[in-house]
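Structure first, commentary second.
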Amino acid sequence: MDQNAGGLEQEKARRLSAVEALRESGTNPYPYRFDRSHTLGDIRTAHGDIEPGTETEVNVDVAGRIMLKRDQGKLIFATLQDRSDNIQLFVSKAVVGDDAFDAINALDLGDWVGVSGTVMTTRKGELSIKVSSLQLLSKAVRPLPDKWHGLTDTDTRYRQRYADLIGNEESRRMFAVRHAVIASFRRTLHDRGFIEVETPVLHMEAGGAHARPFLTHHNALDMQLYLRIALELHLKRLIVGGMERVFEIGRVFRNEGISTRHNPEFTMMELYQAFADYTDIMDLTELLFVNAAVDATGSSVVTIDDLPVDLSKPWRRVRMVDLVTEATGVTVHPSQPREDLVALAEKHGVKVEKHHGPGKIIEELFEHLCESSLREPTFVTGHPVEISPLAREDRNDPHLTERFELFVGGRELANAYSELNDPVVQRARFEDEQKQKEAGNAEAGTVDEDFLRALEFGMPPTGGLGIGMDRLVMLIGGAASIRDVILFPTLRPEVF
RNA sequence: GCGCCUUUAGCUCAGUCGGUAGAGCAACGGACUUUUAAUCCGCAGGUCCUGGGUUCGAGCCCCAGAGGGCGCACCA
């Protein structure tokens with residue numbers, strides 16, 4: 001061993017030489033498989049209530065990782081962890097024999113083992129497995145993080161998620177919540193006749209939202225492609241095709257800043273329902289959220305800013321123009337002269353760009369003055385036409401659209417419209433976007449001719465919805481950062 | 001991009017006024033047949049993020065840079 005090596009190198013060398021010693025003695029330190037009869041959770045469910053000091057005749061074969069070891073001379077207590085639970089192993093030298101006892105004593109924290117034994121409880125009542133034989137299933141050659149604190153350094157937790165998951169129960173719980181939320185969405189939507197589809201990630205045009213895209217290149221076609229920024233335009237093509245109720249849960253990519261609420265790749269759920277409008281979609285959104293919370297946590301109550309909020313109560317519905325009017329004390333509407341709105345924005349310290357029209361200025365005012373105060377679930381409706389190129393005009397007000405964004409805890413979680421299905425109006429909206437793009441608005445869209453061709457075949461009246469799944473999991477799971485709900489968040493490259 | 005904070009053993013963290021680098025856990029050697037983060041005795045383990053600078057002397061002070069966190073900006 002290199003005398004100058006650090007503690008980690010010494011430890012790895014020791015464990016690797018243990019691996020070699022096992023091989024020389026005829027034991028494979030990395031065997032191929034193991035037959036498990038029960039998970040540890042199964043055993044706790046079936047036997048969790050037996051009296052202290054009980055020895056049963058129940059034989060079990062379990063497998064997991066050694067997390068803790070308490071050497072007691074001629075007894076060893078070890079904590080075994082599998083995906084479902086932890087259970088104590090009780091190893092007696094008198095039961096397993098000297099050689100097996102020494103081999104078990106030589107196990108390191110982090111090793112995977114398969115165990116045969118009987119279910120028992122100790123005198124103090126701890127449910128345990130009395131080991132009759134134990135087989136190494138995989139040798140860990142790198143030591144585990146601190147057995148009590150786990151990993152706490154956020155950078156290391158995100159970069160080495162494997163080590164985070166081994167030691168941090170809270171991290172495992174968060175990803176269980178994530179799974180439960182997504183499974184709940186699928187169940188709710190399948191029950192209502194929606195079918196799940198997959199549409200392209202590689203797009204010719206980065207449409208369906210306002211965001212800067214990632215660029216890539218296809219070699220064989222020698223063509224520039226974009227990673228999708230939204231699912232919308234392909235799903236609506238399927239509504240044109242008569243599929244009537246479709247949804248997709250998929251990764252989208254936006255080439256923008258990273259924060260506690262933004263990751264460059266994130267998961268969006270979008271659905272489209274023929275013959276529905278945005279009010280139907282509000283009801284469906286409430287149902288999806290409540291079902292997801294109940295399925296993931298057993299309760300429709302979530303915690304927002306340390307206060308409980310019951311998602312099952314009806315959510316506030318309020319127009320964006322009314323919120324801005326309330327916040328400024330001045331009635332606003334996109335039909336007003338731009339100069340009046342510019343003056344109001346400046347009065348409130350809101351920066352106005354040259355390409356901002358009245359509708360965009362109202363939205364800027366909303367974002368700066370209203371958004372962060374929307375703690376309880378709120379459907380903000382009636383976005384100006386100017387900022388909603390894919391939403392249809394409000395049936396009562398030609399300057400607004402039938403649209404809502406859902407805010408919870410000051411964060412946008414969902415966006416929905418009565419979908420624009422008039423191909424002539426849609427073309428005019430796209431052409432307006434194209435002009436803005438040429439005028440220097442990098443986020444403005446372009447004219448998607450194929451989508452327009454689809455609309456020309458006739459899209460039924462349709463309600464559509466997009467939900468940021470990561471943010472929803474944050475809400476239901478109680479995570480402060482989006483990185484806590486994404487297994488491998490985007491980080492700068494690590495220097496090795 | 002800007003501001004504040006942060007980076008010390010494998011992990012979790014101390015480190016005073018600028019004076020030879022510390023603890024707990026993990027590891028290693030030993031004791032222990034009912035432990036629960038076992039306990040007890042002993043031992044080993046360091047690029048103090050990197051590079052400059054000031055100083056007789058820098059983990060500590062100064063400058064520059066890197067990683068990370070939070071806030072702002074950006075993000076309909």
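Labels below follow one simple rule: chain letters A, B, ... track the order of the sequence lines, proteins then strands, and each chain is numbered from 1.
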Next item on the list: Answer yes or no: side-chain N or O of A:Asp153 and base N or O of B:rC11 forming a donor-acceptor pair under 3.5 Å.
Entry: no
Notebook entry, point to check: Any donor-acceptor pair under 3.5 Å between the side chain of A:Asp146 and the base of B:rG24?
Noted result: yes
Next item on the list: Report the residue (A:Ile258 or A:Ala106) whose heavy-atom-nearest nucleotide on RNA chain B is the more 5′ of the two.
Entry: A:Ala106
Margin query: Minimum heavy-atom separation for A:Glu386 and A:Pro358, please, with both atom names.
Written below: OE1-N, 3.4 Å
Check: Hey, what's the ring geometry for A:Phe379 with A:Trp315, parallel, tilted or perpendicular (30° and 60° as the breaks)?
Finding: tilted
Margin query: Strictly below 4.0 Å: does A:Arg483 bring a side-chain N or O up to OP1 or OP2 of B:rC70?
Written below: yes
Check: Taking the same atom, P, in B:rG52 and in B:rG57, what whole-Å distance lies between them?
Finding: 16 Å
Notebook entry, point to check: Expressed in angstrom and rounded to an integer, what is the separation of A:Glu11 atom CD from B:rG10 atom P?
Noted result: 11 Å
Notebook entry, point to check: Quick one: is A:Arg159 getting a side-chain N or O under 4.0 Å of the B:rG68 phosphate, OP1 or OP2?
Noted result: yes
Notebook entry, point to check: Does A:Thr152 make a side-chain N or O approach to OP1 or OP2 of B:rU12 shorter than 4.0 Å?
Noted result: yes
Check: Distance check: side-chain N/O of A:Arg70 vs OP1/OP2 of B:rA37, anything under 4.0 Å?
Finding: no
Item checked: Taking every non-hydrogen atom, the tightest pair across A:Val91 and A:Phe101 -> O-CE1, 3.8 Å
Note to self: Tell me which nucleotide, if any, is Watson-Crick or G-U wobble paired with B:rU34 when both distances must be under 3.5 Å.
What the structure shows: none
Item checked: Interatomic distance, A:Asp155 CG vs B:rG68 C1' [rounded to whole Å] -> 5 Å
Notebook entry, point to check: To the nearest angstrom, how far is A:Ile66 atom CD1 from B:rA26 atom C1'?
Noted result: 15 Å
Check: Within this structure, what is the CZ-to-P distance between A:Arg142 and B:rA27, rounded to whole angstrom?
Finding: 16 Å
Next item on the list: Would you mind pulling out the nucleotide paired to B:rG1, Watson-Crick or G-U wobble, both distances under 3.5 Å?
Entry: B:rC72
Note to self: Under 4.0 Å from OP1 or OP2 of B:rA27: is there any side-chain N or O of A:Arg15 that close?
What the structure shows: no
Margin query: Partner lookup for B:rC60, please. Criteria are Watson-Crick or G-U wobble with both distances under 3.5 angstrom; report none if nothing qualifies.
Written below: none
Check: Rounded to whole angstroms, how far apart are NZ on A:Lys69 and P on B:rC32?
Finding: 16 Å
Margin query: Using OP1 and OP2 only, check whether a side-chain N or O of A:Lys147 sits under 4.0 Å from B:rA37.
Written below: no
Item checked: Complementary nucleotide of B:rA9, counting Watson-Crick and G-U pairs under 3.5 Å -> none
